[in-house]
Amino acid sequence: MTKNTKLRLKNDLKNEKKSIELIKKNLKKMKFRTQQEIIDFLENNNIHISQGSVSTYLNENNIHKNEDGYYEDVNARSREYLVNELLLKSHAKIFEPKIYGVDLNQDNSVNNLYFIFIKLDLGYENFLYEVLSDYLPKEFSYLVGHGCIQIFINTKKNINVLYNKLNNIKEM
């Protein structure tokens with residue numbers, strides 16, 4: 001394998017990862033009906049890709065058209081149904097986010113730590129947490145045990161996004 005071939009393969013992998021990430025992030029917002037719409041969207045984001053590659057990426061990542069004719073992430077939909085079922089079966093109550101603690105830095109700036117408390121029937125907490133982990137940001141902490149899940153996140157925006165997402169799933 002030549003150096004140029006290795007470089008091209010590395011760039012193709014990088015483009016594939018970026019493409020899938022961007023497509024998944026925008027599936028609900030953009031409501032793509034055709035692969036050409038996806039290609040145009042990616043090109044507007046400086047990712048140039050062939051229709052064949054888009055087709056392959058969609059199939060490999062389980063992104064297919066739904067009954068309304070829009071592309072959707074089938075795995076994400078299945079995960080949402082599973083979370084919904086677990087929240088309902090466990091009689092989960094999701095409490096509003098609260099401030100857990102305040103950290104005053106040397107420069108007098110304040111870092112708050114926020115948390116969500118989820119109370120549920122005993123025995124569901126570990127499994128529910130494992131399924132919920134897909135919805136958590138990169139930086140978080142948690143406590144799980146005895147019918148409770150506490151999730152700690154250091155930004156108000158991320159804790160509110162999680163809280164709203166969980167309530168939206170529960171109301172499906």
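Along the sequence shown, residues carry numbers from 1.
- For the pair N61 and I23, the minimum side-chain heavy-atom distance is 4.5 Å or more.
- In this structure, the side chains of Y163 and N167 come closer than 4.5 Å at one or more pairs of heavy atoms.
- Residues satisfying the side-chain hydrogen bond (donor to acceptor under 3.5 Å, both in side chains) test with T34, not counting sequence neighbours, are none.
- For I49 against S19, the heavy-atom pair with the smallest separation is CD1-OG, 3.6 Å.
- Counting only residues at least two apart or in different chains, side chain to side chain donor-acceptor pair (under 3.5 Å) contacts with residues 138-157 comprise T155-N158.
- S78 meets the side-chain contact (heavy atoms from CB on, under 4.5 Å) test with V74; sequence neighbours excluded.
- Residues passing the side-chain contact (heavy atoms from CB on, under 4.5 Å) test with N75 are N62, D73, R79, sequence neighbours excluded.
- The salt bridge (Lys or Arg N to Asp or Glu O under 4.0 Å) search around E72 returns R77, not counting sequence neighbours.
- Looking at residues two or more places apart in sequence or on another chain, you find a side-chain hydrogen bond (donor to acceptor under 3.5 Å, both in side chains) between Y114 and N112.
- Apart from F115 itself, the hydrophobic cluster it occupies contains F95, Y100, L113, F117, L143, F152, where clustering links Ile, Leu, Val, Met, Phe, Trp and Tyr at side-chain heavy-atom distances under 4.5 Å.
- Distance check, rounded to the nearest 0.5 Å: CD1 of I118 to CD1 of I149 gives 5.0 Å.
- Smallest separation of non-hydrogen atoms from I116 and P97: CG1-CG, 4.1 Å.
- By the side-chain hydrogen bond (donor to acceptor under 3.5 Å, both in side chains) test, N26 pairs with K29, sequence neighbours left out.
- With contacts defined as side-chain heavy-atom distances shorter than 4.5 Å, the pair I39/H48 does not qualify.
- Of the inter-residue distances, the one linking I153 atom CD1 with L162 atom CG reads 5.0 Å to the nearest 0.5 angstrom.
- Every pair passing side chain to side chain donor-acceptor pair (under 3.5 Å) that includes a residue from residues 85-96 is listed here, sequence neighbours excluded: E85-K89, H91-D121.
- With sequence neighbours excluded, the residues that form a side-chain contact (heavy atoms from CB on, under 4.5 Å) with D68 are N66, Y70.
- Scored by the side-chain contact (heavy atoms from CB on, under 4.5 Å) test, K28 finds E80, K165 as partners (sequence neighbours excluded).
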Run the numbers on I151 and Y135 for side-chain contact (heavy atoms from CB on, under 4.5 Å), then give the verdict. CA-CA 11 Å; I151 301 169; Y135 298 103; over 6 Å; no
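- When all heavy atoms of N84 and K170 are compared, the pair lying nearest together is ND2-O, 3.2 Å.
- In this model, no donor atom of one side chain and acceptor atom of the other lie less than 3.5 Å apart for S53 and T56.
- E125 places a side-chain N or O within donor-acceptor distance of the main-chain N or O of G123, the cut-off being under 3.5 Å.
- A single hydrophobic cluster is not seen to contain both V161 and V131; linkage of ILVMFWY side chains at heavy-atom distances under 4.5 Å, directly or through other members, places them apart.
- Rounding to the nearest 0.5 Å gives a distance of 9.5 Å between CG of L132 and CG of L82.
- Legend: salt bridge (Lys or Arg N to Asp or Glu O under 4.0 Å) pairs involving residues 37-60, not counting sequence neighbours: none detected.
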CA sep, side-chain torsions, deciding dist, call: Q35, Y71, side-chain contact (heavy atoms from CB on, under 4.5 Å): CA-CA 9 Å; Q35 290 183 4; Y71 281 97; 3.3 Å; yes
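- Within 6.0 Å of NZ on K31 lie no more than 12 heavy atoms contributed by other residues, nucleotides or ligands.
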Test side-chain contact (heavy atoms from CB on, under 4.5 Å) on I63 and Y57 and set out the steps. CA-CA 8 Å; I63 297 172; Y57 296 168; over 6 Å; no
Applying side-chain contact (heavy atoms from CB on, under 4.5 Å) to I38 and L58, what does each step give before you reach the verdict? CA-CA 10 Å; I38 294 172; L58 295 177; 3.9 Å; yes
